[in-house]
A.B. asks: 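Sending over a structure as structure tokens; questions will come in a sec.
Note on naming: letters A, B, ... go to the chains in the order of the sequence lines (proteins, then strands), and numbering restarts at 1 for each one. Below, all heavy atoms of this structure are taken into account, side chains as well, without hydrogens, waters or symmetry copies. Source: prediction; values computed, not measured.
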There are 2 protein chains.
Amino acid sequence: MGKKPRTAQRRQESLSRERIIEASIEILDSDGEEGLTFRALSDRLATGPGAIYWHIDNKGELLTAACDAIIARAVDVPVVGMPPEAVIRALALGLFDTIDAHPWVGSALTRAPGQMPMVRILERIGQQIRALHVADEEEWPTACALLNYIVGVGRQNAANAQFTRARGLYRSTFLESLAITWSQLDRKDYPFTCDVADQLRDHDDRADFLAGIKLFLSGLRSST
Amino acid sequence: MGKKPRTAQRRQESLSRERIIEASIEILDSDGEEGLTFRALSDRLATGPGAIYWHIDNKGELLTAACDAIIARAVDVPVVGMPPEAVIRALALGLFDTIDAHPWVGSALTRAPGQMPMVRILERIGQQIRALHVADEEEWPTACALLNYIVGVGRQNAANAQFTRARGLYRSTFLESLAITWSQLDRKDYPFTCDVADQLRDHDDRADFLAGIKLFLSGLRSST
DNA sequence: ACCTGAACACCGTTCAAGT
DNA sequence: ACCTGAACACCGTTCAAGT
């Protein structure tokens with residue numbers, strides 16, 4: 001018997017940073033963040049764990065690079081001839097859906113402040129903020145706030161989904177049990193949460209996300 | 001020679017969930033998230049790693065419980081006689097500072113969707129949203145958006161600080177090197193980021209955070 | 001230059017054995 | 001009921017040795 005079962009046969013092409021990142025994304029998408037190990041990765045690439053270190057510095061850099069590949073695509077939305085507010089909405093929804101489809105992207109974004117993936121998003125948002133003729137000194141804080149809202153809420157939404165999946169539950173059953181827990185809280189201390197428990201059951205995360213964007217944009221309109 | 005060096009002498013009081021959480025917070029605050037291991041924790045409590053499992057289910061639950069202890073204090077702000085918008089601002093700033101002081105709280109919050117620490121925040125925000133007479137069906141999405149903004153931005157800010165500290169840099173030198181990197185980007189592709197690089201150097205995260213809150217509140221005012 | 005894979009120093013968690 | 005600590009099945013990372 002062989003020393004180690006090999007699912008894939010020995011690779012033809014030589015290793016490269018691109019192939020490593022591509023394989024990492026496949027693993028991250030199918031097995032989640034904790035599924036990406038250097039052993040699983042080197043197995044898929046039919047090599048040893050050490051080989052990867054020739055092309056990549058460490059796991060953090062690998063995650064950032066994989067994240068950047070996804071964000072680069074997500075941020076590439078049509079812009080021409082659309083009003084800035086519509087572009088912002090399209091950008092925001094596109095990112096929301098992307099983080100939802102690749103939950104690991106959310107945490108990778110947070111762990112790489114100021115790095116390329118975040119800069120890509122900042123730039124797109126910033127250009128639209130500029131097109132809205134926000135006062136010069138307000139451009140940066142406004143773009144920042146919007147960026148953080150989008151990533152923050154997208155991340156939170158993805159975390160919910162992951163939390164659910166990790167427990168082998170469906171979204172509906174998870175929300176159902178959460179609604180029950182909330183409605184059983186002491187009404188004296190948690191009046192709002194008790195009342196809102198019902199709405200939890202069949203709320204639409206994507207719609208709530210968009211509602212926040214709209215609030216933001218209307219705040220922006222009223223202050224310029 | 002002894003089997004194992006003991007920094008603390010054998011504990012007097014017996015173990016308890018409270019003592020474990022208290023010790024965890026001490027470790028998390030001084031050594032960060034990756035400093036909290038069951039070995040470090042049991043060392044500090046002068047016991048074995050297994051003993052902890054008698055009182056706590058797993059590491060995730062431990063982190064959530066530690067996080068909840070911190071949030072419970074942070075959310076306990078004076079409310080009486082203040083206008084709702086002022087309470088929201090105070091609440092938001094308090095949470096921002098708390099997450100900044102305990103960076104691990106940010107990630108713990110994200111990992112416990114719908115759990116107690118998040119509910120505490122939701123409830124306080126929700127009560128103020130209600131006091132602002134937001135339309136019934138808008139209460140939940142509005143509170144949600146605000147909650148997510150606060151936690152999202154707070155978390156991002158804490159991540160920046162951690163990223164800096166992990167590399168042994170000061171905040172100013174980190175921002176300086178980031179500003180240089182940004183200003184060297186290709187102006188054709190990154191006009192906004194290039195321009196904004198200067199503002200990065202001495203911007204105030206806390207002020208930017210507050211600017212987002214204000215934008216939110218003015219959006220709320222203009223839509224009610 | 002690029003790859004191999006054993007080895008190192010860790011993890012979280014379990015569990016038979018003790019009191 | 002509560003605690004002990006060795007043991008298990010993992011990690012990320014390194015590095016001497018190979019081609």
A.B. asks: In whole angstroms, how far is the C1' atom of C:dC2 from the CD1 atom of A:Ile52?
C.D. replies: 14 Å
A.B. asks: Check the distance between C:dC3's C1' and A:Leu41's CG and give it to me in whole angstrom.
C.D. replies: 15 Å
A.B. asks: Reading DNA chain C 5' to 3', what string of ( ), [ ], | and . shows its pairs, if Watson-Crick and G-U wobble pairs count only when both distances fall under 3.5 Å?
C.D. replies: ||.|||||...|||||.||
A.B. asks: Produce the list of close N/O pairs, under 3.5 Å, pairing protein atoms with atoms of nucleotides 7-11 of chain C; give distances to one decimal.
C.D. replies:
residue	atom	partner	partner atom	Å
C:dC11	N4	B:Arg39	NH2	3.4

A.B. asks: Between C1' on D:dT19 and CG on A:Leu15, what's the gap in Å once rounded to a whole number?
C.D. replies: 15 Å
A.B. asks: Please check: side-chain N/O of A:Lys59 versus main-chain N/O of A:Thr37, any donor-acceptor pairing under 3.5 Å?
C.D. replies: no
A.B. asks: Between A:Asn157 and A:Asp100, do the side chains contain a donor N or O and an acceptor N or O under 3.5 Å apart?
C.D. replies: yes
A.B. asks: In terms of the nearest nucleotide of DNA chain D, which residue is placed more toward the 5' end: A:Asp57 or B:His55?
C.D. replies: B:His55
A.B. asks: Check this for me, if you would: do A:Glu61 and A:Arg17 make a salt bridge, where the nitrogen-to-carboxylate-oxygen distance has to be below 4.0 angstrom?
C.D. replies: yes
A.B. asks: Taking NZ, NE, NH1 and NH2 as the nitrogens, is one of them in B:Asp76 or B:Arg120 under 4.0 Å from a carboxylate oxygen of the other?
C.D. replies: no
A.B. asks: Choose from D:dC3, C:dC3, D:dT13 the nucleotide whose nearest atom is closest to any side-chain atom of B:Trp54.
C.D. replies: D:dC3
A.B. asks: Specify whether A:Tyr149 and A:Phe209 have parallel, tilted or perpendicular ring planes, treating 30° as the upper limit for parallel and 60° as the lower limit for perpendicular.
C.D. replies: parallel
A.B. asks: Using atom CG of B:Asp43 as one end and atom P of C:dG12 as the other, report the distance to the nearest whole Å.
C.D. replies: 13 Å
A.B. asks: Check the distance between C:dG5's P and A:Tyr53's OH and give it to me in whole angstrom.
C.D. replies: 17 Å
A.B. asks: When you measure from the side chain of A:Trp182 to the backbone of B:Gly114, do you find a donor-acceptor pair of N or O atoms at a distance under 3.5 Å?
C.D. replies: yes
A.B. asks: Can you measure B:Ile56 atom CD1 to D:dC3 atom P for me and round it to whole angstrom units?
C.D. replies: 11 Å
A.B. asks: Indicate whether the side chain of B:Thr193 and that of A:Glu123 have a donor and an acceptor atom separated by less than 3.5 Å.
C.D. replies: yes
A.B. asks: Look only at the side chain of B:His203 and the backbone of B:Leu200, and say whether a donor-acceptor pair between them is shorter than 3.5 Å.
C.D. replies: yes
A.B. asks: Salt-bridge test for B:Arg73 and B:Asp68: reply yes if a basic N is under 4.0 Å from a carboxylate O, no otherwise.
C.D. replies: no
